[in-house]
Amino acid sequence: MTQQLDELKTKALQELGAIQDEKELESWRVRYLGKKSLLTSTLRSLSTLPLEERKSAGSQANQLKAELENGLQEKEQALREAQLISGAQQEILDITLPGRPLPPGRLHPITQTLNEIYDIFASMGFQISEGPDVEWDYYNFEALNIPAEHPSRDTFSTSWVEYRSESGEYNMLLRTHTTAVTARVIEEMEPPIRVIEPGKVYRYEATDATHLPMFYQVDGVAVDEGITMADLKGTLYEFARRFFGEDRKVRFRCDYFPFVEPGVEMAIECLACNGKGCRLCGHSGWIEILGAGMTHPEVLKRGDIDPDKFGSFAFGIGIERLPMLRYGIDDIRLFYSNDLRFLRQF
Amino acid sequence: MKVPFKWLKEFVDITLPPKEVADRLTMAGTEAKGVQVIGGKWDNIVVGRIEAVNPHPNADRLRLPTVDLGTSQQVVVCGAPNLNIDDKIAFANVGAELIDGHTGQTTILKPAKIRGVESSGMVCSEKELGILDNHTEILVLPADAPVGMPLADYLGDAILDLDVTPNRPDCLCVIGIAQEVAALTGQKLRPPDITYEEAGPPIDQHIAVEIIDADLCPRYCASLITGVKIGESPPWMQQRLLACGMRPINNIVDVTNYVMLELGQPLHAFDYELIRGQKIIVRRATKGEMIVSLDGEERKLSGNTLVIADTERAVAIAGVMGGANSEVTEGTTSILLEAANFNPASIHYTGHNLSLPSEACMRFERGIRPELTMPALKRATQLIIQLGGGQAARGVADTYPGKREPEPITISTERSKQILGVEFTRDQITDTLTSLGFECQPGGPGTEVKATAPYWRSDIKLEVDLIEEVARIIGKLNRHDPGS
């Protein structure tokens, strides 16, 4: 037994010394340390030996096993180092180069725009409130003075969800404007209210350079005693001044939205032509930025707010348009096409 | 909505240029998307009359028309096939800016020698003038075109392209815009004359009207014109229809479209001889009832669709499209003219269900008022007599189950200050609302005005609606810069 193991040891170590690569090393390992190796079978057969012999053979076998494992480990390391050195010599790898940087991410231009808007309105005392993207038609339309069959429903290309309230009275849809959150805020909060409501909105529309089926809006509403149209104008002028700069001219013109009366549209002097008239502004010199107005008495009444006691204004801003104007981006699809060459510019 | 400036001027005196009018309308809520000028570059182009046409000595396809320009005559070389003596044409003198018929480029007309004949001027095609694309023929002007008049004065116009908000169906017509312009410029509206001569037996001996489903039809008015001759409508009417984006068809259909564009009320003309039982019945369709509409399609109707029927069958899908079985054709001599008011939701439903959106549909959907039927019916009857001859029966049929009295709304100076932050005086409120056609009475306390909206304003319901009217006409909502 002892002699057998000694021979095995000499042979194994000799072979180990001659090994040149990892593949050979692996076959060596299988041969001398694997399940079917002589050493393993010797260890297994120990129990059949008489007690005296078992002791000495056992310790010799275990010692041999440790020795071989040790040799294996050393050889493995030696091979790996040799490979690294020869690889470095062959590939001219400069192992002193610094590692690849993992650059920090940055905020999407729309997120940056939203943050800027939050700052502006927060400084004027507005809170932020959010509502669900999948909304009841009640909040999207009815509560906003747009009953079924109202002609202005046609102007919102709505994506409906196949889901009805238990009473069958209301349907679900993907909200077409964040004004739906205004309806919820008016219902849930007590005056004084100053809230802006950012979020995604959805339209069933074909995609082109100026249209997307999903885009961002920020609506806002203020309700308090003594609020007049002058407050609306002051607030929105301040927004325009801070977002587009002190010198950018702003104008209000009358417009119609069912949930406000009177209704206005705010425009800024065209950023491309400074009001002279160009293709971007349809030769009018002005670019529409947002819709606003004094909250319609019916809308306030639905939220149990007395329109005779409280004044209220509301507004809605399309978000993508703002960076488009500011940076001269002519295709809205760029925002959501995940092209880093575009996104890295902001 | 396209509004030709000259048409607008028939109803209100305008001294401002079209661009300024467009700007004022935009600021007051009806956005002008653009002003298309027709004839802005027609310097050196005048109305001429073809005096004589002689062959070209060296070319078979070319001819030499002599054109009378009033003070002078010109002989030019022309290749168009439709040169007829005495026709009125558009004549470009040397120096005129024209669009080249072949390349589409703008060119300045120069004297030229064509196959050995001097030509200093040109008889123009529509394409060369930039009106339409036709370049195979020259443009022939109406026979009453005054020779020598600059073409820009005779044919030029400015077309306002307006974006009317859904709450203002009254602005979907020329007179509605004229009312706005009148209020915005301090002028008075001049509605068209709608009188005509009536003759023969009263209309109720020819036709009876019964409204069965009054919830869907508040009012049905009809007139009868006999002895009509169907033909083309005159060029002035065709031009206006084309300018507004409608295709001329025949004098009767053109009148119904013309009056819809002018006054905002959709109308429908039936061939009276094809109406059976001398009776019009307005009712819901029976479930599965069939009708072949004017476009030749056979359509199956649901029980919610309102139809115009005679005693035997449906003859029109109310407010949406006429039926082929009662269509006005070349042989028609008697016209039963309909001006009715229908429930907006019902028309919306039917128009969408049958995929038949139309100009008429859009107006009904947005809620035009039943009071509008009568002036529109009279105006159309007058124009049919004028263009198609014939005689109007005495009176008009008028079934009006949905009549409601207009109710005055009170507006106070305090409330206007509460909403706008600016106080208007009672006189300012009264003057402004009156300029928009409201009737105003002083209210109880010295700060109130009781205002009754004119019948065409279906959008005025609350005090805030009145406040907006005052603010948008006086202009307190706009004209402000942060810098000022």
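What you see is a predicted model; the values in this text were computed from it and never measured.
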### Message
Only heavy atoms, only distances under 4.5 angstrom. Which residues in residues 358-370 of chain B are near chain A?
### Response
B/E365, B/R366
### Flag side-chain contact, heavy atom, 4.5 Å: B/D465 against A/E261
yes
### Task
Please tell me if the side chains of A/R251 and B/M27 come closer than 4.5 Å, counting only heavy atoms from C-beta onward.
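Sidechains of B/M27 and A/R251: in contact.
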Is it true that atom [atom1] of [X] has more than 12 heavy atoms of other residues, nucleotides or ligands lying nearer than 6.0 Å?
X: B/K33; atom1: NZ; answer: yes
X: B/E407; atom1: CD; answer: no
X: A/R164; atom1: CZ; answer: no

### Query
For the atom pair CD1 (B/I419) and CZ (A/F313), what is the distance rounded to the nearest 0.5 Å?
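With rounding to 0.5 Å, CD1 (B/I419) is 13.0 Å from CZ (A/F313).
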#### Entry: Rounded distance [0.5 Å steps], OG1 in B/T30 versus CZ in A/R253
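Interatomic distance, B/T30 OG1 to A/R253 CZ, rounded to 0.5 Å: 8.0 Å.
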### Message
If we define contacts as heavy-atom pairs under 4.5 Å, which of B/I467, B/T26, B/D163, B/T165 has the most with chain A?
### Response
B/T26
#### Entry: chain A contact via B/R168 - which portion, at a heavy-atom distance below 4.5 Å
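B/R168 has no heavy atom closer than 4.5 Å to chain A.
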### Message
Please classify the contact between B/E31 and chain A as side chain, backbone, both or neither, with a heavy-atom cut-off of under 4.5 Å.
### Response
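Contact with chain A is through both the backbone and side chain of B/E31.
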### Message
Need one label for A/L232: side chain, backbone, both or neither, based on atoms under 4.5 Å from any heavy atom in chain B.
### Response
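The answer is neither part of A/L232.
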Under 3.5 Å, is there a donor-acceptor pair between the side chain of [X] and the main chain of [Y]?
X: B/E468; Y: A/G263; answer: yes
X: B/R472; Y: A/C254; answer: no
X: B/Q418; Y: A/D308; answer: yes

Identify every side-chain donor-acceptor pair in residues 350-357 of chain B under 3.5 Å, counting partners at least two apart or on other chains, and give the distances.
| unit_1 | atom_1 | unit_2 | atom_2 | d |
| --- | --- | --- | --- | --- |
| B/T350 | OG1 | B/S346 | O | 3.0 |
| B/H352 | ND1 | B/H348 | O | 3.0 |
| B/N353 | ND2 | B/Y349 | OH | 3.1 |

## Note on the structure
In short, A/P297 meets B/L462 closest at the heavy-atom pair CG-CD1, 4.3 Å
## Note on the structure
What one should report as the nearest heavy-atom pair of A/T228 and B/K417 is CG2-O, 3.9 Å
